[in-house]
Amino acid sequence: MTEQTHDFSEFLGYRFEDLKVGMTAASGRTVTDADILMFSGVSGDTNPAHMDDEFAKSSMFGGRIAHGMLSASYISALFANKLPGPGCIYLSQTLKFKAPVKSGDTVVARVTLKELNTPKRRAIFDTVCAVGGKVVLEGEAEMMVPARA
């Protein structure tokens, strides 16, 4: 039997040693009705505030809103794909939902590195989602980031 070795370096993001306080990453995504429907299916959250036009019209938002966790998932995607990138492990996340997101809104998610805990290889990030410059979600996340081998 032949032993195979793989070079996974192409899948790795920043190593802990490469991180600097102040680093930031951002990404925008326009929420669609299909996104809301698919998120409902995946999460099991069928709240009529997200799914039923007639019900939602009588709500304080005057119409259907996207799941708050859909916007939060854009933060997760930033961590996984950009900063720190592949290989990081999500440890915790706080969230404060500040305003609704509706279908057609473009959500800009941003993560900013605010603190490093070197002995534990932990990185603390401020996390924000905004629509048209208005904050719709904010919080803080802790990530474990791999070190160089």
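Just so we're clear, the structure is a prediction, and the values are computed from it rather than from any experiment.
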Self-check item: Over all atoms of both residues, closest heavy-atom pair of L78 and A109
Solution: CD1-O, 3.3 Å

Exercise. For T94 and E140, indicate whether the former's side chain and the latter's backbone hold a donor-acceptor pair under 3.5 Å.
Key: yes

Quiz item: Atom CZ of R29 and atom SG of C129: how far apart are they, to the nearest 0.5 Å?
Solution: 12.0 Å

Quiz prompt | Inter-residue atom distance R110.CZ - F125.CZ, 0.5 Å rounding | solution = 13.0 Å

Exercise. Would you check if the side chain of T24 reaches a backbone N or O of V111 as a donor-acceptor pair within less than 3.5 Å?
Key: yes

Quiz item: Using 4.0 Å as the upper bound for N to carboxylate O, is an ion pair formed by D52 and R64?
Solution: no

Quiz item: Are the side chain of T127 and the backbone N or O of G139 linked by a donor-acceptor pair below 3.5 Å?
Solution: yes

Quiz item: Taking atom OG of S76 and atom CE of M143, what is their separation to the nearest 0.5 Å?
Solution: 7.0 Å

Quiz item: Is the closest side-chain donor-acceptor distance between T30 and T106 under 3.5 Å?
Solution: yes

Quiz item: Do F39 and D45 touch side chain to side chain, with heavy atoms closer than 4.5 Å?
Solution: no

Exercise. Could you point out which residue of V135, L137, V128 forms a side-chain contact (heavy atoms from CB on, under 4.5 Å) with K98?
Key: V135

Self-check item: Joint cluster assignment, L70 & L37, ILVMFWY side-chain distance < 4.5 Å
Solution: yes

Quiz item: Taking a hydrophobic cluster as the set of Ile, Leu, Val, Met, Phe, Trp and Tyr residues connected by side-chain heavy atoms closer than 4.5 Å, whether directly or through intermediates, do M23 and M144 fall within one such cluster?
Solution: no

Quiz item: Is M69 close to F97 at the side-chain level, that is, under 4.5 Å between some pair of heavy atoms?
Solution: yes

Quiz prompt | Closest non-hydrogen atom pair, E17 against K20 | solution = O-NZ, 3.8 Å

Self-check item: Heavy-atom closest pair, residues A56 and S59
Solution: O-OG, 2.7 Å

Quiz item: How close do L113 and I124 get, heavy atom to heavy atom, and via which atoms?
Solution: CD1-O, 3.4 Å

Quiz item: Are side-chain heavy atoms of M51 and I36 found at a separation under 4.5 Å?
Solution: yes

Exercise. Starting at CD1 of I75, measure out to CD of E138 and round the result to the nearest 0.5 Å.
Key: 10.0 Å

Self-check item: Distance (rounded to the nearest 0.5 Å) between I89 CD1 and R121 CZ
Solution: 10.0 Å

Practice problem: Rounded to the nearest 0.5 Å, what's the gap from CD on E115 to CD on E142? Could you check? | Solution: 8.5 Å

Practice problem: Give the ring-plane orientation class for F79 versus Y90, where under 30° counts as parallel, over 60° as perpendicular and anything between as tilted. | Solution: perpendicular

Quiz item: Do you know which two heavy atoms are closest between F61 and K102, and how far apart they sit?
Solution: O-NZ, 2.7 Å

Quiz item: Does V145 reach the side chain of L19, with side-chain heavy atoms less than 4.5 Å apart?
Solution: yes

Quiz prompt | Shortest non-hydrogen contact between H50 and I65, atoms and distance | solution = ND1-O, 2.8 Å

